[in-house]
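Here the structure is laid out as structure tokens; the discussion comes afterwards.
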Amino acid sequence: MTDLWIGTSWKMNKTLDEARAWTTGLVDALGDSAPAGIQPFVIPSFTATTTVRALLGQDSPVLLGVQNAHWEDAGAWTGEVSVPQAKDAGAQLVEIGHSERREHFGETVETTRLKVAAALRHGLTPLLCIGEDAQVKAEGGSSAFILEQAAGALDGLDAAELSRVVIAYEPIWAIGEKGRPATVEELREPFAALAEVYGDRVAGLLYGGSVNLDNAADLLGIEHVTGLFVGRTAWKLEDYLELLRIAEAHRAG
């Protein structure tokens, strides 16, 4: 059975002291192993990457990610971080194509494709984020839109490469402070569409968008969902640990 991925991105939050406290608490709670069948991951800000890696240790069951990386290995790209640099800092996973990156920093389908390829080239796991806005949803085009986003980013990958990719469906209308939590019914069709194309070909199909302790179990119960990508709820360590417990209970049936 596929592992359930339970992870969080801290976005532009947490000082080094806050990152240390969260990570130390996680290590103390988990010890040397994650709950059976669960793949935890955490994506801090770049400034905390090496700090979190040192606290997790090299053999941690928790995967460490970065929130973005450039597609070139090196060069005159002021303000950017390359995949080799991210890997050198201890990252194992690269978040790619988050809607905030697309909206505010010009991320395109083409750049997501280049970044996915770069992550794979250097042995890191691409976490590809896809999602439609409220207008696309209102027009009934959600499934077609996200499939087009995914296809553009994953174009040209062979089966082995595709099997290392994780896809996170994060509808724009459901994320952030102003997002509206999606209902189970609203998510069935998009995940069925994703599963038809990618279900047994990728490492995971995750859902992200106003995930909280009240709806996590129901979201994990949606057919084809194999994990959760969580925002602010998981920024409190005790709530992240509770999400892991919810996932463990789901796996246990």
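We're numbering straight along the sequence, starting at 1. Here the structure is a predicted model, which is why all the values come from computation and not from measurement.
A tilted orientation is assigned to the rings of His70 and Trp77, their planes being inclined by 30° to 60°. Below 30°, between 30° and 60°, or above 60°: for Tyr240 and Trp22 the angle between ring planes is between 30° and 60°, a tilted geometry. Ring orientation note: the planes of Phe191 and Tyr169 are nearly perpendicular, at an angle over 60° on the 30°/60° scale.
When side chains are defined from C-beta on, Glu103 does not count as touching Glu100, because their heavy atoms never get closer than 4.5 Å. Phe46 is listed as a side-chain neighbour of Val66, based on a closest heavy-atom distance under 4.5 Å. Side-chain contact between Leu206 and Leu228: absent, with no pair of heavy atoms (C-beta onward) separated by less than 4.5 Å. Taking 4.5 Å as the limit, every side-chain heavy atom of Cys129 sits out of range of all side-chain heavy atoms of Thr112. By the 4.5 Å heavy-atom criterion applied to side chains, Leu55 and Val52 are not counted as neighbours. Counting only heavy atoms from C-beta outward, the side chains of Pro40 and Val62 approach each other to under 4.5 Å.
Within 6.0 Å of the CD atom in Glu148, the count of heavy atoms belonging to other residues, nucleotides or ligands does not exceed 12. Heavy-atom contacts from other residues, nucleotides or ligands closer than 6.0 Å to CD of Glu223 number 12 or fewer. The 12-atom threshold is not exceeded at CD of Glu189, counting heavy atoms of other residues, nucleotides or ligands nearer than 6.0 Å. Around atom CG of Asp32, no more than 12 heavy atoms belonging to other residues, nucleotides or ligands sit under 6.0 Å away. Within a 6.0 Å sphere centred on CD of Glu80, heavy atoms belonging to other residues, nucleotides or ligands number more than 12.
Remark: the backbone N or O of Leu93 is not paired with any side-chain donor or acceptor of Thr125 at under 3.5 angstrom. Panel note: side chain Thr183, backbone Glu186; a donor-acceptor pair is recorded below 3.5 Å. Of the possible polar contacts, none joining the Ser99 side chain to the Ile172 backbone as a donor-acceptor pair under 3.5 Å is found. Arg53 contributes a side-chain N or O that, together with a main-chain N or O of Gly90, makes up a donor-acceptor pair within less than 3.5 Å. For the pair His122 (side chain) and Pro84 (backbone), a donor-acceptor distance under 3.5 Å is absent. Under a 3.5 Å cut-off, the side chain of Thr233 and the backbone N or O of Val211 do form a donor-acceptor pair. Side-chain atoms of Arg188 do not come within 3.5 Å of backbone N or O of Ala192 as any donor-acceptor pair. Of the possible polar contacts, none joining the Trp235 side chain to the Asn13 backbone as a donor-acceptor pair under 3.5 Å is found. When atom types are taken as modelled, the side chain of Asp155 and the backbone of Gly152 share no donor-acceptor pair closer than 3.5 angstrom. Side chain of Gln85 to main chain of Ser82: a donor-acceptor pair is present (N/O by atom type, distance under 3.5 Å, no hydrogens or angles).
Cation-pi geometry between Lys115 and Trp71 is not met: the NZ or CZ atom fails to fall both under 6.0 Å from the ring centre and inside 45° of the normal.
Taken together through direct or relayed side-chain contacts under 4.5 Å among Ile, Leu, Val, Met, Phe, Trp and Tyr, Leu162 and Val197 form part of one hydrophobic cluster. Tracing side-chain contacts under 4.5 Å through hydrophobic residues (I, L, V, M, F, W, Y), one reaches Leu241 starting from Trp10; they form part of the same cluster. Note: the hydrophobic cluster containing Val184 also contains Ile146 (ILVMFWY, side chain heavy atoms under 4.5 Å, direct or indirect links). Side-chain heavy atoms closer than 4.5 Å link hydrophobic residues (I, L, V, M, F, W, Y) into clusters, and following such links, even through other members, never connects Ile175 to Leu128. Using a 4.5 Å cut-off between side-chain heavy atoms of Ile, Leu, Val, Met, Phe, Trp and Tyr, with links allowed through other members, Tyr198 and Leu187 fall into the same hydrophobic cluster.
Atom CD1 of Ile38 and atom CZ of Arg245 lie 12.5 Å apart (nearest 0.5 Å). A distance of 5.5 Å separates CD1 of Ile167 from CG of Leu154, quoted to the nearest 0.5 Å. How far CG of Leu127 is from CD of Gln67: 11.0 Å, rounded to the nearest 0.5 Å. Between the CD atom of Glu18 and the OG1 atom of Thr23 there is a distance of 11.5 Å, given to the nearest 0.5 Å. Distance check: Glu139 CD to Glu132 CD gives 11.0 Å after rounding to the nearest 0.5 Å. To the nearest 0.5 Å, the span separating CZ on Arg251 from CD1 on Ile246 amounts to 15.5 Å.
Taking every heavy atom of both residues into account, Gly208 and Pro171 meet most closely at O-CD, 3.7 Å. Residues Gly131 and Phe145 approach most closely at O-CE2, 3.3 Å, considering heavy atoms. The shortest non-hydrogen separation linking Val109 to Ala153 is CG1-N, 4.1 Å. When all heavy atoms are compared, the tightest approach of Ile130 to Leu194 is CD1-CD2, 3.8 Å. Residues Leu64 and Pro44 approach most closely at CD1-CD, 3.5 Å, considering heavy atoms. Considering every non-hydrogen atom in both Ser143 and Pro190, the closest pair reads OG-CA, 3.7 Å.
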Legend entry - Audit row: Leu243, Val230, side-chain contact (heavy atoms from CB on, under 4.5 Å) steps and yes/no: CA-CA 9 Å; Leu243 287 167; Val230 190; 3.9 Å; yes
Inset, instruction - Using the salt bridge (Lys or Arg N to Asp or Glu O under 4.0 Å) rule, take Glu95 and Arg101 through it: C-alpha gap first, then chi angles, then the decisive distance, then the call. - result: CA-CA 10 Å; Glu95 183 180 356; Arg101 298 292 311 174; over 6 Å; no
Legend entry - Residue pair Ile6, Phe229: steps toward the side-chain contact (heavy atoms from CB on, under 4.5 Å) verdict: CA-CA 6 Å; Ile6 305 294; Phe229 190 24; over 6 Å; no
Legend entry - side-chain contact (heavy atoms from CB on, under 4.5 Å) assessment of Thr51 paired with Arg20: CA-CA 7 Å; Thr51 297; Arg20 290 187 189 100; 3.6 Å; yes
Inset, instruction - Carefully, step by step, assess Trp5 and Leu205 under the rule side-chain contact (heavy atoms from CB on, under 4.5 Å). - result: CA-CA 9 Å; Trp5 295 69; Leu205 291 176; over 6 Å; no
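Looking at Leu124, Asp88, Leu120 one by one, the single match for side chain to side chain contact (heavy atoms under 4.5 Å, CB included) with Val83 turns out to be Leu124.
Side-chain atoms of His98 and Asn68 form no donor-acceptor pair, as typed in the model, at a separation below 3.5 Å. Residues Glu107 and Thr111 bring a donor and an acceptor atom of their side chains to less than 3.5 Å of each other.
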